[in-house]
Amino acid sequence: MEIIIKANYDLMCEEAVGFIHKSWQKKTNLVLGLATGRTPLGVYQGLIRLFEEGQMDFSEVTAFGLDEYLGLEANHPESFASYLEKILYQHINIKPENIFRLDGFPEEIENHCQEYENRIKQVGGIDIQILGIGTNGHIGFNEPSSSLSSRTRIKTLTRETLAANGLIVKEKAIPRYCLTMGIGTIMESGTVILLASGRDKSRAIHESVEGPITAAVPASILQLHPRAKFICDEDAASELTKKDYYKWVYDHKDKVDGYLKKLSQNRGRTKI
Ligand code: GLP
């Protein structure tokens with residue numbers, strides 16, 4: 001895992017946008033998995049800026065929505081489909097046929113979820129999965145106690161998540177159910193970027209990064225992912241016990257070549 005701690009929200013979004021941009025330069029038909037919520041907003045704005053500045057072209061990019069409320073039409077203002085359309089898709093030149101969404105009103109739930117999984121496989125898998133994290137450590141809508149090998153399926157939302165997403169109105173929780181990519185699905189992505197900002201995420205980040213791998217904290221599974229990047233601001237990183245080490249590793253990660261060159265020049269003459 002790479003733990004990247006930036007001074008503030010804008011810098012953490014810049015880090016994520018930079019990685020996505022570099023990945024697109026290597027693979028223009030990039031396949032992205034896209035989370036919703038407040039946290040990734042700055043990343044999507046950064047991608048739009050790259051498009052507007054002519055530095056990134058989305059015409060070959062494919063996008064998959066991470067999750068969706070059940071019972072909301074795609075054009076419902078509260079749906080995640082509307083969120084991604086409004087926040088990102090309508091501002092870039094991604095092709096409509098390359099946008100895939102979980103359907104809030106599927107004909108048959110299980111079939112729809114299986115078709116979603118098949119489509120992800122057909123395009124060669126997700127290259128970069130962008131995630132936020134719930135205060136209870138959920139990723140997508142994989143709530144605590146979700147199987148760590150789960151696939152795209154229906155889930156019942158916790159009251160904590162409904163409250164955090166502003167969906168408890170006068171004690172009435174609406175909607176209660178959602179469709180979400182599973183943890184097993186997420187784990188098959190090439191790279192996972194988990195974004196976290198704010199003190200309300202500090203416990204979830206500490207437990208996910210430094211706690212045991214447990215279904216009680218779904219994001220902790222990312223400790224097993226070969227290329228997982230946790231990109232946080234200082235507030236969200238505030239409960240991490242090894243912050244200095246993570247910063248040290250990040251500050252020195254691109255200096256290995258110079259280090260080896262120096263060592264080979266002094267081979268046999270100095271101790272490390
Ligand atoms: C919802 C979404 C998650 C998101 C989480 C945190 O539950 N299903 O994908 O990561 O909320 O959202 P925010 O970034 O607004 O805190």
Side-chain angles (χ1 to χ4, degrees), residues 6 8-10 12-13 16-17 32-46 63-72 74 76-84 86-88 100-104 113 116 126 128-146 150 152-168 173-183 185-187 189 192-209 217-222 228-233 235-238:
K6 305 303 274 186
N8 57 48
Y9 176 74
D10 291 345
M12 67 176 254
C13 291
V17 170
L32 298 174
L34 300 178
T36 53
R38 289 174 297 278
T39 310
L41 282 173
V43 174
Y44 300 148
Q45 285 155 4
F64 285 86
L66 174 62
D67 42 20
E68 183 56 271
Y69 291 118
L70 205 54
L72 294 186
H76 185 289
E78 294 282 340
S79 77
F80 287 169
S82 297
Y83 167 108
L84 286 169
K86 233 175 11 222
I87 297 286
L88 181 61
F100 298 97
R101 307 172 178 86
L102 284 162
D103 184 346
C113 292
Y116 208 66
I126 290 172
I128 302 175
Q129 176 63 53
I130 295 172
L131 296 176
I133 185 168
T135 50
N136 60 5
H138 77 243
I139 43 178
F141 271 132
N142 295 283
E143 295 282 18
S145 80
S146 292
S150 52
T152 302
R153 70 212 180 290
I154 184 171
K155 280 295 284 181
T156 305
L157 297 176
T158 61
R159 291 185 67 80
E160 181 181 5
T161 297
L162 288 167
N165 291 11
L167 289 165
I168 291 191
I174 48 165
R176 292 175 190 286
Y177 304 101
C178 66
L179 299 180
T180 182
M181 278 189 206
I183 294 176
T185 320
I186 291 168
M187 289 297 280
S189 309
V192 177
I193 295 178
L194 187 145
L195 302 159
S197 168
R199 204 162 286 279
D200 63 327
K201 302 294 174 71
S202 59
R203 179 172 57 85
I205 288 297
H206 167 60
E207 290 177 349
S208 309
V209 172
V217 183
S220 63
I221 189 63
L222 294 177
K229 289 175 179 281
F230 282 75
I231 306 180
C232 315
D233 62 13
D235 283 342
S238 56

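Whatever order the structure lists them in is the order used to number ligands and atoms, beginning at 1.
- Taking only non-hydrogen atoms, the option from G37, G140, A35 nearest to atom 3 (C) of ligand 1 is G140.
- Taking distance alone, with nitrogen or oxygen atoms compared against 3.5 Å, T36 stays at or beyond that limit from ligand 1.
- Side-chain contact between R153 and S146 is present, with at least one heavy-atom pair separated by less than 4.5 Å.
- With values rounded to the nearest 0.5 angstrom, I186 atom CD1 is found 6.0 Å from T180 atom OG1.
- The protein non-hydrogen atom at the shortest distance from atom 8 (N) of ligand 1 is D67 OD2, 2.7 Å.
- Scanning the protein heavy atoms around atom 7 (O) of ligand 1, the nearest turns out to be H138 NE2, 2.7 Å.
- Contact atoms of ligand 1 toward G132: 10 (O) (distance under 4.0 Å to a heavy atom of the residue).
- Distance from atom 15 (O) of ligand 1 to its nearest protein heavy atom, with residue and atom name: R38 N, 2.6 Å.
- Using cut-offs of 30° and 60° for the angle between ring planes, the Y69 and F141 rings count as tilted.
- If you number the atoms of ligand 1 from 1 as listed, the ones under 4.0 Å from a heavy atom of F141 come out as 1 (C), 7 (O), 8 (N).
- Among the atoms of G134, none of the N or O lies under 3.5 angstrom from an N or O of ligand 1.
- Among protein heavy atoms, the minimum distance from atom 14 (O) of ligand 1 is reached at T39 OG1, 2.6 Å.
- Among protein heavy atoms, atom 6 (C) of ligand 1 sits closest to I133 O, 3.6 Å.
- Every salt bridge (Lys or Arg N to Asp or Glu O under 4.0 Å) that D235 has, sequence neighbours left out, goes to R199.
- Among I193, L131, I205, the single residue meeting the side-chain contact (heavy atoms from CB on, under 4.5 Å) criterion with F230 is I205.
- Short contacts between ligand 1 and K201, defined as distances under 4.0 Å to a heavy atom of the residue, involve ligand atoms 13 (P), 14 (O), 16 (O).
- In terms of heavy-atom proximity, T152 sits nearest to T185 at N-OG1, 3.5 Å.
- Considering only heavy atoms from C-beta on, Q45 stays 4.5 Å or farther from L88 through its side chain.
- Counting all heavy atoms, side chain and backbone alike, Q129 lies closest to L34 at NE2-N, 3.8 Å.
- Looking only at heavy atoms of the protein, atom 1 (C) of ligand 1 is closest to N165 ND2, 3.4 Å.
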